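Input: a single structure, listed below in structure tokens.
Just so it is clear, the structure is predicted and the values come from calculations on it, not from any experiment.
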Amino acid sequence: MAAFARVSALRALEVATVLGVAYLCLGELWPHTRSSPFRGQMWRRQQVFLLCSLSLAPLLLGRTHRLCNAGKGGASTCVGERTALWVLALVNTVPLLGAALATLWSDEESAAYAAILLDAIGFAAARLARLDLAASLMLSARGRSTWAYEATGGSVGFAEAVNLHRAAGWWCVVQSGLHGSLYIIFYAVRGGPRMAWEATFPVPTEGKLNRLGLVNFYGLLALVAMALLALTSLPRARFYRGFQSVHAGLGLAAVAAALLHDLPILIFAAPGLVDWFAGRYDDLPAGGRRLPARARVIPGTSGPWVELKIELAGPAAAAALSLSSPAGAWVGLSVEEISAEVHPISVAALTSTSMTLVVSGNGGDWCDRLASFASKRPRLWVLVKGPYPSGGWRGSRSRDPPAIMLIAGGTGITGWLPSATAGARVVWTVQQEGDYLALADRLPRSSTVFLTRASDKAAGLEGVGARGEAAGSGSLGAVGHFGTPLVATIAAAVVGIVAEVMWREHVRPALRKDPPKTMWGYTAVARALPVLLILALMAAVVAAGAPTARAGRRLLCRWRRHSRPATEELGEDCPLRLSRSAGSESHRWSGEEGMAHDIRIGRPDLPALVQETAMSVQAPVLVVAACGPPGLVESARQAVHATRKSPELRHLRIEFCGTDSRW
């Protein structure tokens with residue numbers, strides 16, 4: 001009964017969150033007419049209440065997910081990326097069509113219909129742009145307790161959210177461009193080219209300050225920054241260093257100009273800004289300093305592969321060991337001797353003193369330079385940001401843990417090594433036998449390895465390294481939390497929303513009675529000042545969150561020392577235990593206990609493998625997770641889709657989680 005109550009509470013929270021978001025979007029995107037029910041002071045108050053209430057959703061959903069998954073080791077129910085992309089597309093197109101159709105019932109004169117149509121669509125595009133901006137900012141966060149990760153119970157990590165972040169960002173650029181261009185045409189239709197010029201640029205009108213032109217000029221600057229942001233993101237794979245150096249700066253410039261154009265955007269952008277800032281702020285003590293590392297080229301591997309063993313101590317060790325993620329973790333890695341750019345790398349093993357990463361030299365120019373450098377100088381200095389939790393699946397809602405099938409290509413398997421178990425079915429595709437031997441002792445039982453470019457001696461590898469348990473002396477689970485707690489980020493977002501409302505309702509009316517007479521004075525007092533004050537207030541709440549959490553953990557540690565004196569300690573933080581992560585238990589497969597690895601020559605037939613696996617499981621849910629080259633991920637997706645159609649497997653729910661390694 002307790003388990004049923006927890007699952008019911010989780011579903012009720014999810015339904016309430018979806019309904020709240022839907023109602024907020026409905027009010028925002030309802031056609032802007034005089035008879036609209038979503039206008040005036042009443043709707044603005046509903047906005048604030050909804051946004052503050054929805055800000056609590058990640059905390060409530062995250063805690064409820066943990067209660068539902070207590071005592072379970074499996075994972076299930078993945079977030080469908082394609083479904084999310086379709087929903088995003090519908091949200092960005094249907095309201096525009098609705099706004100256009102609503103103008104057909106306008107009681108204005110037919111001569112003014114063009115201006116009415118332009119105003120209606122332009123207004124809807126502005127509302128859509130700020131919703132897209134809020135989604136894009138929220139999905140760009142990469143902290144240890146991001147809102148998206150908590151709200152989905154670990155299903156959406158940075159790797160899973162990055163494609164949605166790109167899509168929301170592109171929609172934001174499209175809607176902003178549509179909004180700006182339509183209103184320029186609107187002013188031209190209403191008063192000719194002169195009115196369009198005066199309404200877009202801060203040129204004086206009759207010797208007075210042109211506030212409309214100044215405000216719209218900031219919107220034009222935001223549109224230019226967004227256009228540059230979009231253009232620089234197109235060649236990111238080829239010019240990754242340049243993209244990385246300008247992306248965040250252009251994004252912040254676009255957000256700043258948008259806030260100067262329309263301050264109410266801040267109440268929608270506040271959660272994403274806080275979440276993004278908290279992730280960067282947490283990097284300062286843990287990943288903002290150089291760490292020593294030892295690089296080793298693994299002989300016989302394609303690429304070749306490079307093993308990086310990073311030495312951890314102090315805050316960096318506390319940050320690493322405080323992470324809890326069933327699906328593994330990743331870090332942002334920068335090698336000082338190569339370049340300043342930061343690359344995402346999965347964590348292969350983690351202990352109290354070191355972190356192990358495996359990088360393939362085939363991953364691009366940076367990876368090739370790392371392999372070349374490691375062959376000459378094994379000792380180097382690195383900058384590590386993170387680790388951050390990986391997503392991909394979340395805790396099962398069923399009473400029985402699900403069966404797990406992992407499909408990986410090359411070094412794409414390394415992120416799963418700390419949490420893979422003997423019960424998981426692993427299908428791993430590598431180029432040659434040296435790749436397999438590099439990680440053979442870390443693979444669980446029931447692993448099937450495909451060698452696509454094997455030599456004649458590969459036939460003698462059968463049975464090598466079947467160890468029957470996950471790799472690594474440590475895991476990604478530990479007691480406690482390092483960095484800004486989720487409660488602090490939620491409090492900061494709520495403070496920002498309330499502060500914006502207080503400024504709009506109490507301070508701005510006073511400024512309107514005696515507004516500044518100059519362009520710079522109006523910009524500083526009426527536009528920039530509220531933005532800076534509110535952002536500073538939110539940043540202060542975030543900055544106070546981590547010290548407050550550390551003080552609370554110290555008090556908890558002192559109490560635990562009296563109640564349980566036999567504990568391990570690390571520095572001044574809470575005792576951190578090295579134990580297997582919560583996602584380590586999974587459904588056992590049929591077959592001989594302790595069987596060796598199944599080594600095969602050639603490329604895998606994924607539809608047959610998924611079908612074979614699905615037929616042999618006893619669990620009610622099968623999770624198929626894929627990570628590796630885009631072609632492998634897409635093939636696994638199609639294999640799952642084909643297996644779902646099998647009439648013999650109607651009793652089995654099959655979920656798919658695919659991670660594109662190109663992010």
Side-chain angles (χ1 to χ4, degrees), residues 24 28 40-41 43-52 54-55 123 126-127 129-134 136-138 172 176 179-180 199 202 208-226 249 251-278 281 488-544:
L24 179 64
E28 281 292 296
Q41 189 73 14
W43 170 241
R44 285 195 289 270
R45 291 176 180 174
Q46 292 183 44
Q47 270 185 335
V48 175
F49 175 77
L50 284 170
L51 288 168
C52 292
L54 290 173
S55 297
F123 182 82
R127 294 295 182 91
R130 67 184 187 183
L131 290 177
D132 290 327
L133 177 64
S136 181
L137 288 172
M138 185 78 69
C172 182
S176 299
H179 167 71
K208 297 181 181 179
L209 175 64
N210 180 9
R211 283 183 285 182
L212 175 63
L214 180 60
V215 170
N216 286 338
F217 179 68
Y218 289 129
L220 183 62
L221 291 180
L223 179 58
V224 171
M226 288 183 183
L252 292 177
V255 172
L259 294 179
L260 293 175
H261 171 67
D262 184 23
L263 183 61
I265 291 177
L266 185 58
I267 66 174
F268 291 88
L273 286 173
V274 166
D275 209 8
W276 178 87
F277 174 74
Y281 181 78
T489 61
I490 292 175
V494 173
V495 165
I497 293 171
V498 174
E500 191 278 335
V501 175
M502 297 295 290
W503 178 277
R504 184 174 57 191
E505 294 189 356
H506 299 285
V507 181
R508 190 170 67 176
L511 289 175
R512 284 181 173 176
K513 295 179 181 179
D514 187 20
K517 302 299 188 294
T518 64
M519 181 179 69
W520 295 111
Y522 181 80
T523 299
V525 176
R527 290 288 164 176
L529 182 60
V531 173
L532 293 176
L533 288 177
I534 296 171
L535 292 180
L537 193 60
M538 292 192 299
V541 175
V542 172

Output for pair (S176 OG, D132 CG), nearest 0.5 Å, gives 8.0 Å
Indicate the atoms forming the closest heavy-atom contact of A269 with L137, along with that distance. CB-CD1, 3.8 Å
For residues 523-533, run the donor-acceptor check on the side chains, cut-off 3.5 Å, and write out each pair with its distance to 0.1 Å, sequence neighbours left out.
| residue | atom | partner | partner atom | Å |
| --- | --- | --- | --- | --- |
| T523 | OG1 | Y218 | OH | 2.6 |
| T523 | OG1 | M519 | O | 2.9 |
| R527 | NH1 | L260 | O | 3.1 |
| R527 | NH1 | H261 | O | 3.3 |

Would you check if L266 and L273 make a side-chain contact, meaning some heavy-atom pair closer than 4.5 Å? yes
CG/L51 to CD/Q46 distance, rounded to the nearest 0.5 angstrom? 11.5 Å
Residues V542 and A492: closest non-hydrogen pair is CG2-CB, 3.7 Å
As an exercise, state the distance from CG of L259 to CD1 of I534, rounded to the nearest 0.5 Å. 9.0 Å
Mark yes when over 12 heavy atoms from residues, nucleotides or ligands other than K517 sit less than 6.0 Å from its NZ; otherwise mark no. yes
Rounded to the nearest 0.5 angstrom, the CG-CZ distance for L223 and F217 is 12.0 Å
Would V48 and C52 count as a side chain to side chain contact (heavy atoms under 4.5 Å, CB included) if you check the C-alpha gap in whole Å, the side-chain angles of each, and the deciding distance to 0.1 Å? CA-CA 6 Å; V48 175; C52 292; 4.1 Å; yes
Is there side-chain contact between I497 and S55, with at least one heavy-atom pair below 4.5 Å? yes
Assess whether side chain to side chain contact (heavy atoms under 4.5 Å, CB included) is satisfied between M538 and F277, documenting all intermediate values. CA-CA 10 Å; M538 292 192 299; F277 174 74; over 6 Å; no
Are R130 and P264 packed together at the side-chain level, in the sense that at least one heavy-atom pair is separated by less than 4.5 angstrom? yes
Calculate, to the nearest 0.5 Å, the distance between atoms CD and CD1 belonging to Q47 and I267 respectively. 4.5 Å
Please round to the nearest 0.5 Å and tell me the distance separating atom CD1 of I490 and atom CG of L54. 11.0 Å
Which residues pass the salt bridge (Lys or Arg N to Asp or Glu O under 4.0 Å) test with E500, sequence neighbours left out? R504
